[in-house]
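Presented below is the structure to which this report refers.
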There are 2 protein chains.
Amino acid sequence: MTTNTNERPYTDVVDRLRAVGLRPTRQRMALAKLLFDSGDRHLTAEQLHDEAMAGGVRVSLATIYNALHQFTDAGLMCEVVVDSGRSYFDTNTSDHHHFYNETTGQLRDIPGDQISVTSLPEPPDGMSIDRVDVIVRVR
Amino acid sequence: MTTNTNERPYTDVVDRLRAVGLRPTRQRMALAKLLFDSGDRHLTAEQLHDEAMAGGVRVSLATIYNALHQFTDAGLMCEVVVDSGRSYFDTNTSDHHHFYNETTGQLRDIPGDQISVTSLPEPPDGMSIDRVDVIVRVR
DNA sequence: CAAACAGTTTAGAATATTTCTAATCTGTTG
DNA sequence: CAACAGATTAGAAATATTCTAAACTGTTTG
């Protein structure tokens with residue numbers, strides 16, 4: 001009906017996990033499905049946990065954190081820091097930035113080509129630039 | 001010798017606090033002195049607490065948090081979010097951005113005129129832009 | 001296909017940071 | 001200088017995240 005989510009239930013996800021060297025376990029597959037099967041998502045560990053529970057998947061919060069970090073380390077997603085005391089994980093790994101609604105806590109993507117940061121100064125010492133985050137705070 | 005910090009010990013600080021409607025109490029004066037008497041500073045609550053203790057000023061951590069938030073609300077400093085689970089407070093209130101050393105946790109200013117963010121998309125809904133943070137992560 | 005092993009998951013404890021609370025204290029005002 | 005609003009405090013509480021050690025499970029091997 002809507003997507004092909006139900007036709008090829010886990011094949012994509014299994015491949016995706018294998019491709020980055022992660023064993024496709026029940027929990028990781030369920031989380032990967034929630035995360036990657038419906039477009040770009042911005043979630044906290046807690047929110048993903050709630051979704052998993054609501055979907056009848058029994059996963060501990062510790063496993064959620066493990067999985068989010070493993071996915072992030074593997075380059076399947078990235079972490080966005082906008083609020084101290086809360087981490088957001090973003091399934092969009094392309095070059096892009098964010099709107100952050102300070103009232104509701106909602107994050108929204110800004111495509112990389114819609115913002116340009118020019119004339120960056122040299123990084124200090126022998127340091128090299130890992131990435132540049134632009135956060136547009138709205139309210 | 002170095003600065004005039006010792007010549008007019010508390011006058012500046014008292015005025016500064018009064019100007020924003022904060023009662024110049026012992027603790028607030030000591031903290032304001034530490035924060036504003038030596039150029040631009042980037043500190044966590046914990047670091048400021050340690051400095052205060054080292055300088056023989058007895059202040060509780062709760063008071064440090066109170067003061068940092070009051071100073072921030074009053075526009076005397078601003079909060080920089082670069083790392084989830086740790087808040088940095090910055091005494092530089094001019095328009096500027098930051099280098100963040102992901103290895104050491106050190107923050108460094110990038111003057112506002114050295115970076116330009118162009119072609120920002122419209123903020124969603126009836127939202128308005130509060131501020132734009134650029135964080136250049138180095139390692 | 002079963003045993004064995006490495007990698008995973010788990011609950012709960014531990015840690016870290018920040019906020020809250022209620023009692024005490026202190027600038028300021030009259 | 002008394003009175004009061006506002007500030008400070010220690011400790012408890014809240015929140016988010018990480019750690020730990022035991023149980024479990026995918027995968028590989030014989």
Side-chain angles (χ1 to χ4, degrees), chain A residues 10-11 13-34 42-50 52-53 56-74 76-77 79-89 105 107, chain B residues 10-11 13-34 42-53 56-74 76-89 105 107:
Chain A
Y10 282 95
T11 338
V13 147
V14 169
D15 292 348
R16 199 168 203 141
L17 293 176
R18 283 241 165 76
V20 297
L22 291 173
R23 224 154 70 169
T25 64
R26 244 189 282 304
Q27 293 83 342
R28 288 214 270 240
M29 288 190 290
L31 297 178
K33 245 173 108 52
L34 286 173
H42 302 100
L43 290 168
T44 63
E46 196 66 46
Q47 286 167 347
L48 182 56
H49 189 237
D50 290 349
M53 297 311 248
V57 183
R58 273 172 25 301
V59 209
S60 74
L61 199 49
T63 299
I64 302 270
Y65 277 104
N66 286 342
L68 287 172
H69 286 138
Q70 288 154 351
F71 293 173
T72 300
D73 292 347
L76 298 179
M77 52 195 314
E79 193 174 350
V80 185
V81 180
V82 284
D83 184 16
S84 83
R86 197 189 322 265
S87 268
Y88 286 82
F89 291 86
L107 267 182
Chain B
Y10 281 95
T11 338
V13 147
V14 169
D15 293 347
R16 198 168 204 141
L17 292 175
R18 283 242 165 77
V20 296
L22 291 174
R23 224 152 72 168
T25 63
R26 245 189 283 303
Q27 293 82 343
R28 287 213 272 239
M29 288 190 291
L31 297 178
K33 244 173 108 51
L34 286 173
H42 301 100
L43 289 169
T44 63
E46 197 66 47
Q47 286 166 347
L48 182 56
H49 188 237
D50 290 349
E51 273 196 20
M53 299 308 251
V57 183
R58 275 178 14 311
V59 210
S60 74
L61 199 50
T63 299
I64 302 270
Y65 276 104
N66 286 342
L68 286 173
H69 286 139
Q70 289 153 351
F71 293 173
T72 300
D73 292 346
L76 299 178
M77 52 194 316
C78 60
E79 194 175 348
V80 185
V81 181
V82 283
D83 184 17
S84 84
R86 196 189 324 262
S87 268
Y88 286 82
F89 291 86
L107 268 180

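Order of the sequence lines sets the chain letters (A, B, ...), proteins ahead of strands, with each chain counted from 1.
- Across all strands, B:Thr25 comes closer than 4.0 Å only to sugar-phosphate atoms, never to a base (heavy-atom distances).
- No contact: B:His49 has no heavy atom under 4.0 Å from any strand.
- When distances run from any side-chain atom of B:His69 to the nucleotides D:dT17, C:dG27, C:dT19, the shortest one goes to C:dT19.
- Going from atom CG of A:Asp83 over to atom P of C:dT19 covers 10 Å, rounded to whole Å.
- In this structure the side chain of A:Val81 never reaches within 4.5 angstrom of the side chain of B:Asp83, judged on heavy atoms.
- When atom types are taken as modelled, the side chain of A:Arg86 and the backbone of A:Thr44 share no donor-acceptor pair closer than 3.5 angstrom.
- In this structure, A:Leu61 atom CG and D:dT15 atom P are separated by 14 Å, rounded to whole Å.
- An OP1 or OP2 oxygen of D:dT17 is reached within less than 4.0 angstrom by a side-chain nitrogen or oxygen of A:Tyr65.
- In this structure, the CG atom of A:Leu68 is 10 Å from the P atom of D:dT17, given to the nearest Å.
- Distance from the side chain of A:Arg23 is smallest for C:dG7 among the nucleotides D:dA7, D:dT18, C:dG7.
- Using modelled atom types, one side-chain atom of B:Tyr88 and one backbone atom of B:Gly105 make a donor-acceptor pair closer than 3.5 Å.
- The separation between A:Arg58 atom CZ and C:dA11 atom P is 8 Å, rounded to whole Å.
- Considering only side-chain N and O atoms, A:Ser87 lies under 4.0 angstrom from the phosphate OP1 or OP2 of D:dT17.
- If you check C:dT18, C:dG27, C:dT10 against the side chain of A:Gln27, the one that comes closest is C:dT10.
- B:His69 places a side-chain N or O within 3.5 Å of a backbone atom of B:Tyr65 that can act as its donor or acceptor partner.
- For the pair B:Leu48 CG and D:dT8 C1', the interatomic distance rounds to 15 Å; values are reported in whole Å.
- Going from atom CG of A:Leu17 over to atom P of C:dT8 covers 11 Å, rounded to whole Å.
- Checking D:dT17, C:dT9, D:dT8 against the side-chain heavy atoms of A:Asn66 singles out C:dT9 as nearest.
- Among the heavy atoms of the strands, none lies under 4.0 Å from B:Thr44.
- One interatomic measurement links the two molecules: CG of B:Leu43 to P of C:dT17, which rounds to 14 Å at whole-angstrom precision.
- Using a 4.5 Å heavy-atom threshold, the side chains of B:Leu43 and B:Glu51 count as touching.
- The residue among B:Leu22 and B:Ser60 whose nearest nucleotide of DNA chain D lies closer to the 5′ end is B:Leu22.
- With C:dT9, C:dT28, D:dA16 as the choices, the nucleotide that has an atom nearest any side-chain atom of A:Arg86 turns out to be D:dA16.
- A:His49 contributes a side-chain N or O that, together with a main-chain N or O of A:Val59, makes up a donor-acceptor pair within less than 3.5 Å.
- Between the CD atom of B:Gln47 and the P atom of C:dA16 there is a distance of 15 Å, given to the nearest Å.
- Side-chain proximity of B:Arg26 to the nucleotides C:dA6, D:dA10, C:dT26 is greatest for C:dT26.
- Heavy-atom nearest nucleotides on DNA chain C were determined for B:Arg18 and for B:Tyr88, and the one closer to the 5' end corresponds to B:Tyr88.
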